[in-house]
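To start, I am sharing the structure in question, which I have written as structure tokens.
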Protein chains: 4
Amino acid sequence: MSHLTNTFAGQKQFMNILDKFQKINTFMFDVDGVMTDGGILVMRNEDMARIMNTKDGYALQLAVKKGYKIFIITGSSFSGVQRRMNNLGVKHVYFEVKDKKSYVIKLMQEYDIRKENILFMGDDLSDLPAFDVVSIAACPADAVSEVISGANYISNKEGGRGCVRDVIEKVLKCRGDWGVDETIASTI
Amino acid sequence: MSHLTNTFAGQKQFMNILDKFQKINTFMFDVDGVMTDGGILVMRNEDMARIMNTKDGYALQLAVKKGYKIFIITGSSFSGVQRRMNNLGVKHVYFEVKDKKSYVIKLMQEYDIRKENILFMGDDLSDLPAFDVVSIAACPADAVSEVISGANYISNKEGGRGCVRDVIEKVLKCRGDWGVDETIASTI
Amino acid sequence: MSHLTNTFAGQKQFMNILDKFQKINTFMFDVDGVMTDGGILVMRNEDMARIMNTKDGYALQLAVKKGYKIFIITGSSFSGVQRRMNNLGVKHVYFEVKDKKSYVIKLMQEYDIRKENILFMGDDLSDLPAFDVVSIAACPADAVSEVISGANYISNKEGGRGCVRDVIEKVLKCRGDWGVDETIASTI
Amino acid sequence: MSHLTNTFAGQKQFMNILDKFQKINTFMFDVDGVMTDGGILVMRNEDMARIMNTKDGYALQLAVKKGYKIFIITGSSFSGVQRRMNNLGVKHVYFEVKDKKSYVIKLMQEYDIRKENILFMGDDLSDLPAFDVVSIAACPADAVSEVISGANYISNKEGGRGCVRDVIEKVLKCRGDWGVDETIASTI
């Protein structure tokens, strides 16, 4: 947990964020800049490829298996993401979402999720409004400056380099759900 | 604006460059080494893919929406760039331009743009002559040495890692046009 | 051998690990995060591409030629890996392995290999159980924290950046098998 | 030329290497790890893609235009490299070369080139024997340790990150051939 202590200045805030992590049962993730490093591979005939991370993949599968809700909310529309997420067991993938705050509120109502149970991770301005309606507003180490200012948890990992695993691992460790699961292949 | 102070030695030059930023309403960008890190993915049957950046994508869309003129001027010919730029709302994409200086002058006449309104960003020797005919001659942090010497604004971001967003953000902030726009998805 | 001295605190442990390296004649490698940096290129129609490393390729070919046994044991199923490994002369590639520890035991029986002869390299939790049944439990510099804690050899190279070559080179140097072989192209 | 002074300890050696650079009219380059960072993109159906660098591309075109001989000598066989090199004006591309030293000698005879005129750049053990028969044995900053020990010029740029441009630029500057050429697009 030493990363947490670095992230927050005072002891009181540190306790607050630990409390918050223990109550999370729902993860919401942006795709570009969070599940990827923000790179888009532009090819001639294909729609645009992305590079994702196998270490994140292990954590996503474990979280699904332990019963956590996971939602992918992205402004883009890219069929490869759907396929990758489905391979990992993540069923809720929402494309072409522009107003993410309204979308999060809609999902909270539809799936009966409370604010205190949600961790949302985003990296760019379009993610910022959604920070208001969740408990943990998380971002990768290389998020844009406005998002870093607005987050209450800044991962020490960058987008596409383990920031998704970082937040899942922290929550699952707080709740006793983290560990080796021999039925999970990190790279399905 | 602290980046600006680092980039320029004296207070007077600092004021000059701020003045210049405030007058920009037209952006001209090279592609390879500016919108990308200079990498070209060489495949067997495809023409050559490039990796672009979603954070740049948000800034380009916002600039278009706020009425800025954006021109892409590249020596290469790659259909994927056309498609990506069109997705972001950028209509003016010029391929196989070898003499960029003459091309900039042609565009200035055709679209009635004055020198003081133009920011041009390039990274390699073929971009250098065009620096003479624009107000802000910008380059990424990893431009070649001759271009760094010739530029009057050196971004602290590298090609493909946010240098395009950096200059757009600086101009739009100077002019009160920067911010969250919930109708923009960074990764269309 | 100076890397080895950095990796292990005391002189006695240093001698132990050198002893272990000298007895290795069998390598077992995970793919994602070991032969690659963990990145998965997600495209629309393809299964998911990986980026491997030519310097690792030279070492794998040399080890095959010198008579070492090499096994690739991965949780994923990706035909490109099969082809690449076959090009390098590596014949034993096992896909969709979830319980790697049991699989290693099975291979030891099938190919009559003793524990003291095996170096296994992995980077993530799914590799950790297999560490119990091998002599050298190796990992790349950027393995997850649990794997770094469990390994008895931590390469100073990251996954996809030469960690495979590092362990092959160390073993082959200990045994007098390392060197220039003019019949090997690093990049077949 | 400040890089040169860093690379060589004494003043005398510094003069020697400058003398050598001034006599170069022929470049020979390995591909993987020199024109690329050593990464190979392994896909399902394609042969294996590589990432090359546009800054190197500008230098290669300028060297061709100024009349330098350029030979690409690689152990691999990849049609994309042929196409990319032809686009840049490089006609001599030799694939599946295993014994590079013999091949260099063959080319010297065939094209009547003397040892003192050749700069050869490679990064791995298979390149090492060829170092004996050329004037400047160059390597990227991230070559393997044996190659770094054997080289008499170590670029401060890594493979795929400008090491090819570095040596071309140094030679062309020594001989008064370097500069902006407005008929060259860096990214043809």
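Chain letters run A, B, ... following the sequence lines, proteins first, then strands; residues in each count from 1. Just the heavy atoms: all of them, side chains too, but no hydrogens, waters or symmetry mates, feed the values below. What you are looking at is a predicted structure, and each value in this text was computed from that prediction instead of being measured.
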For residues 64-72 of chain C, please give each side-chain donor-acceptor pair under 3.5 Å, one per line with the distance, not counting sequence neighbours.
residue : atom : partner  : partner atom : Å
C:Lys65 : NZ   : C:Asp181 : OD1          : 3.3
C:Lys65 : NZ   : C:Asp181 : OD2          : 3.3
C:Lys65 : NZ   : C:Thr183 : OG1          : 2.0
C:Tyr68 : OH   : C:Arg175 : NE           : 3.0
C:Tyr68 : OH   : C:Asp177 : OD2          : 2.6

Working to the nearest 0.5 angstrom, can you tell me the gap between C:Ser77 OG and A:Asn87 CG?
8.5 Å
Find out whether C:Asp124 and A:Arg165 are in side-chain contact, i.e. whether some heavy atom of one side chain is under 4.5 Å from a heavy atom of the other.
yes
Distance-minimising heavy-atom pair for A:Trp178 and C:Glu146:
NE1-OE2, 2.8 Å
Please determine whether the number of non-hydrogen atoms from other residues, nucleotides or ligands lying under 6.0 Å from atom NZ of A:Lys91 exceeds 12.
no
Sorted by chain and residue number, the side-chain contact (heavy atoms from CB on, under 4.5 Å) partners of A:Ile51 (sequence neighbours excluded) come out as C:Leu41
To the nearest 0.5 Å, tell me how far A:Glu169 CD sits from C:Ser145 OG.
5.5 Å
As an exercise, state the distance from OG1 of A:Thr54 to CG of C:Asp37, rounded to the nearest 0.5 Å.
8.5 Å
In Å and rounded to the nearest 0.5 Å, what is the CG to OH distance from C:Asp123 to A:Tyr58?
11.5 Å
For C:Glu96, is it the side chain, the backbone, both or neither that has a heavy atom under 4.5 Å from a heavy atom of chain A?
neither
Where C:Gly33 and A:Lys55 come nearest, the two heavy atoms and their spacing:
CA-NZ, 4.5 Å
